[in-house]
Novice: 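Pasting a structure below so you can have a look.
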There are 2 protein chains.
Amino acid sequence: MLRALSEAGFSDTRARRAVVQALSESRTGATPADLLTRGRSLHAGLGQVTVYRTLEILEHLGLVRKLHQEDGCSSYATSSAGHAHHVICRTCRAAVEFEGCRIEEVLHEASARTGYKVESHFLELFGVCPACRRKK
Amino acid sequence: MLRALSEAGFSDTRARRAVVQALSESRTGATPADLLTRGRSLHAGLGQVTVYRTLEILEHLGLVRKLHQEDGCSSYATSSAGHAHHVICRTCRAAVEFEGCRIEEVLHEASARTGYKVESHFLELFGVCPACRRKK
DNA sequence: GTGAAAAATGAAAAAACTTTTCAATTTTCG
DNA sequence: CGAAAATTGAAAAGTTTTTTCATTTTTCAC
Ligand SMILES: [Mn+2]
Ligand SMILES: [Mn+2]
Ligand SMILES: [Zn+2]
Ligand SMILES: [Zn+2]
């Protein structure tokens with residue numbers, strides 16, 4: 001993630017490293033407020049604004065994706081792959097990516113039914129992760 | 001929508017009728033602020049709080065669904081069907097519902113790849129609506 | 001390495017959005 | 001028609017995000 005940032009021409013700064021690392025360590029996705037807290041343990045002077053700015057950059061680079069959950073749409077999870085989606089555990093919130101989305105038929109059907117030319121989609125799955133299932 | 005509201009035991013009030021009608025008239029989904037403006041043309045005294053409260057009720061009843069778009073997650077569109085998703089035009093923002101989502105294979109594959117037990121999903125498609133395509 | 005230019009930072013203020021409170025009004029129903 | 005219950009909306013409070021701008025940090029050419 002740091003590498004991609006500098007390859008995209010952004011400076012390598014302490015603040016950004018803190019945000020990036022805080023993000024990487026989160027299994028569940030993290031809000032800007034979460035990232036400020038976690039990030040400050042790595043760089044005490046970190047400011048909330050920089051968290052927002054770093055997220056914006058990472059999102060544009062496709063390194064991070066916003067999660068849209070029942071209780072809010074302000075958390076972000078890392079996104080290594082190109083086209084992929086997240087599956088989110090309803091119990092522990094663990095968010096993992098999965099690739100290989102074979103959703104073409106659904107898109108075609110939607111297109112046929114509505115007349116829209118479908119160009120992109122947003123898909124998020126919710127369920128229970130393996131660890132949480134074991135605990136039951 | 002009004003019928004469903006009263007069947008669910010809610011009073012039939014001028015404020016709610018204004019919000020409901022404003023919502024029904026919106027092709028693109030509407031934010032609470034939009035609904036206040038539009039709603040006030042039907043009931044001048046309408047308050048913003050009532051818009052929020054009405055949306056909350058309608059959402060719980062499944063009559064309205066939140067849209068999650070690039071520029072924000074605060075607009076709502078009516079939702080007649082049970083399980084359905086919206087397709088949103090990137091040009092004019094028209095949001096239409098489509099039913100008949102055959103997405104089971106994708107869910108199974110995601111489940112196999114991640115080990116999650118998938119219980120629900122959120123899907124939104126983006127593209128160009130028929131009217132906008134004609135204009136090109 | 002040095003130093004100037006460019007980029008980035010963060011505190012504070014402003015803006016935007018949402019929720020809570022509560023007295024007053026409206027609706028329901030016997 | 002009342003009385004009780006539900007609803008309303010202004011205002012205040014709370015929350016989140018964006019803007020500003022003086023200062024600091026990073027980069028890069030020498
Ligand atoms: Mn959202
Ligand atoms: Mn579906
Ligand atoms: Zn879990
Ligand atoms: Zn359109």
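As the structure is a prediction and not an experimental result, all values here were calculated from the model.
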Novice: Rounded to the nearest 0.5 Å, how far apart are CZ of B/Arg14 and OG1 of B/Thr50?
Specialist: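 Output value for this atom pair is 13.0 Å.
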
Novice: Mind calculating the distance between CG (A/Leu55) and C1' (D/dT16) to the nearest angstrom?
Specialist: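 That distance rounds to 14 Å.
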
Novice: Using heavy-atom distances to pick each residue's nearest nucleotide on DNA chain D, tell me which of A/Tyr52 and B/Phe10 is more 5'.
Specialist: B/Phe10

Novice: Rounding to a whole Å, what distance do you find between B/Ile57:CD1 and D/dA6:C1'?
Specialist: 10 Å

Novice: Nearest of D/dG9, D/dT20, C/dA8 to any side-chain atom of B/Ala15?
Specialist: D/dG9

Novice: Could you check B/Asp12 against B/Ala33 and say which one's nearest nucleotide on DNA chain C is further toward the 5' end?
Specialist: B/Ala33

Novice: Side chain of B/Thr13: nearest nucleotide among D/dT8, D/dT17, C/dT9?
Specialist: D/dT8

Novice: Whole Å only: how far is the CZ atom of A/Arg17 from the C1' atom of D/dT26?
Specialist: 11 Å

Novice: Round to a whole Å and report the spacing from CZ of A/Arg53 to C1' of D/dT18.
Specialist: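 The distance from CZ of A/Arg53 to C1' of D/dT18 comes to 10 Å, rounded to the nearest Å.
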
Novice: Mind calculating the distance between CD (A/Glu56) and P (C/dA8) to the nearest angstrom?
Specialist: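 Rounding to the nearest Å, CD of A/Glu56 and P of C/dA8 are 12 Å apart.
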
Novice: Indicate if A/Val20 and A/Ile57 have the same hydrophobic cluster label, given that clusters are the connected sets of ILVMFWY residues with side-chain heavy-atom separations under 4.5 angstrom.
Specialist: yes

Novice: Go through C/dG10, C/dT18, C/dT28 for me and flag the one nearest to the A/Val49 side chain.
Specialist: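 Of all the options, the side chain of A/Val49 is nearest to C/dG10.
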
Novice: What's the CG-C1' distance between A/Asp71 and D/dT16, to the nearest Å?
Specialist: 15 Å

Novice: Rounded to the nearest 0.5 Å, what separates atom NE2 in A/His85 from atom CZ in B/Phe122?
Specialist: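 Rounded to the nearest 0.5 Å, the NE2-CZ separation comes to 12.5 Å.
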
Novice: Consider the side chain of A/Ser74, meaning its heavy atoms from C-beta on, and name the nucleotide among C/dA8, C/dG10, D/dT17 that approaches it most closely.
Specialist: D/dT17

Novice: D/dT8 P sits how many Å from B/Leu36 CG, rounded?
Specialist: 13 Å

Novice: Please report the interatomic distance CD(B/Glu104) to CD(B/Glu109), rounded to the nearest 0.5 Å.
Specialist: 13.5 Å

Novice: In Å and rounded to the nearest 0.5 Å, what is the CG to OG1 distance from A/Leu46 to A/Thr13?
Specialist: 9.0 Å

Novice: Consider the side chain of B/Arg16, meaning its heavy atoms from C-beta on, and name the nucleotide among C/dG10, D/dT8, D/dT26 that approaches it most closely.
Specialist: D/dT8

Novice: Nearest whole Å is fine: how far is C/dA8 P from A/Leu2 CG?
Specialist: 14 Å

Novice: Given D/dG9, is OP1 or OP2 found less than 4.0 Å from the side-chain N or O atoms of B/His43?
Specialist: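 Answer is yes, contact under 4.0 Å.
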
